[in-house]
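Working notes, beginning with the structure itself.
Every value quoted in this text rests on a predicted model; they were computed, and no experiment measured them. All chains are named by letter (A, B, ...) in the order of the sequence lines, taking the proteins before the strands, and each is independently numbered beginning at 1.
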Protein chains: 2
Amino acid sequence: MKNNIRVERAILNISQAELAERVQVTRQTINAIELGKYAPSAVLAMKIARVFGKKVEDVFELEDTD
Amino acid sequence: MKNNIRVERAILNISQAELAERVQVTRQTINAIELGKYAPSAVLAMKIARVFGKKVEDVFELEDTD
DNA sequence: ATATTATGTAAAATATATTTTACATTATGC
DNA sequence: GCATAATGTAAAATATATTTTACATAATAT
């Protein structure tokens, strides 16, 4: 599962901590997902996309291994 | 987390078992998600939406409790 | 240069999703 | 009515996401 959270955060100019706060998870969760350590739940993916004003598919991309 | 998997399945005329096969999970997993017993992972939500030719947001809807 | 903010990481605990096996109920075709 | 397919359900096991606490490093501002 790839994502462009870093880019979208840069556009909004918000930190991992602020994104975490906005979607109600810890900073470590955002960090891990952003770095691709694991994939989020659908709920979290939708919340993150919503913060960015984008669709889930515009922020996250399925890989062949998923 | 609400969803309209049942409707989308009806449009494609496929059973829970066939949807499960197409997204590589068990039939029970599709049944549980369709009935709202729990929310899927982002990977599974994206695979399901892809089968229906829809965006995740067109198949799943965040609720206030999510 | 130093203080402050942001990011990376890690281990243990907890919550949640998914599988497996199995059976019950409901719908559908014949 | 009977066979068959489809759906609902449940308990236990396993996999995975998320939290908590804590510390390390990198970047930025003053």
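Within the 4.0 angstrom heavy-atom criterion, only backbone atoms of the sugar-phosphate kind lie near B:Ser41; the bases stay farther away. At the heavy-atom level, B:Ala39 lies under 4.0 Å from the strands shown only through sugar-phosphate atoms.
The side chain of B:Arg27 places no N or O atom within less than 4.0 Å of a non-bridging phosphate oxygen (OP1 or OP2) of D:dA5. In terms of phosphate contacts, B:Asn31 brings a side-chain nitrogen or oxygen within less than 4.0 Å of OP1 or OP2 of D:dG8. Put simply, B:Thr26 has no side-chain N or O that comes within less than 4.0 Å of OP1 or OP2 on C:dT18. At C:dT7, none of the side-chain N or O atoms of A:Arg6 fall inside 4.0 Å of OP1 or OP2 (strictly under the cut-off).
In this structure, CZ of B:Phe60 is placed 12 Å from P of C:dA17, rounded to the nearest angstrom. The distance between atom CD of A:Glu18 and atom P of C:dT4, rounded to the nearest whole Å, is 20 Å. For B:Ile30 and C:dA17, the CD1 to C1' distance is 12 Å, given to the nearest whole Å. Rounded to whole Å, atom C1' of D:dA6 lies 12 Å from atom CG of B:Asn13. Between the P atom of C:dA17 and the CD atom of B:Glu34 lies a distance of 17 Å, rounded to the nearest Å. Going from atom OH of B:Tyr38 over to atom P of D:dA15 covers 15 Å, rounded to whole Å. Atom CG in B:Leu35 sits roughly 9 Å away from atom C1' in D:dT9 (whole-Å rounding). In this structure, A:Gln24 places its CD atom 14 Å from P of D:dT18, rounding to the nearest Å.
Residue B:Gln28 places a side-chain atom within donor-acceptor reach of the base of C:dT21, judged by atom type and a 3.5 Å distance cut-off alone. Side-chain atoms of A:Gln16 and base atoms of C:dT5 include no donor and acceptor less than 3.5 Å apart.
Without hydrogens or angle criteria, A:Glu57 side chain to B:Val56 main chain gives a donor-acceptor distance under 3.5 Å. Checked by atom type and distance alone, the side chain of B:Arg9 pairs as donor or acceptor with a backbone atom of B:Ile14 at under 3.5 Å.
Look at B:Arg6 and B:Glu34 and you find a salt bridge, because one of the NZ, NE, NH1 or NH2 atoms lies within 4.0 Å of a carboxylate O, short of that distance.
Sequence order on DNA chain D of the closest nucleotides to B:Arg9 and A:Ile33 puts B:Arg9 first from the 5' end.
B:Gln16 places none of its side-chain heavy atoms less than 4.5 Å from the side chain of B:Glu21.
Checking A:Ile48, A:Asp66, A:Asn4 one by one against A:Phe60, the side-chain contact (heavy atoms from CB on, under 4.5 Å) holds for a single residue, A:Ile48.
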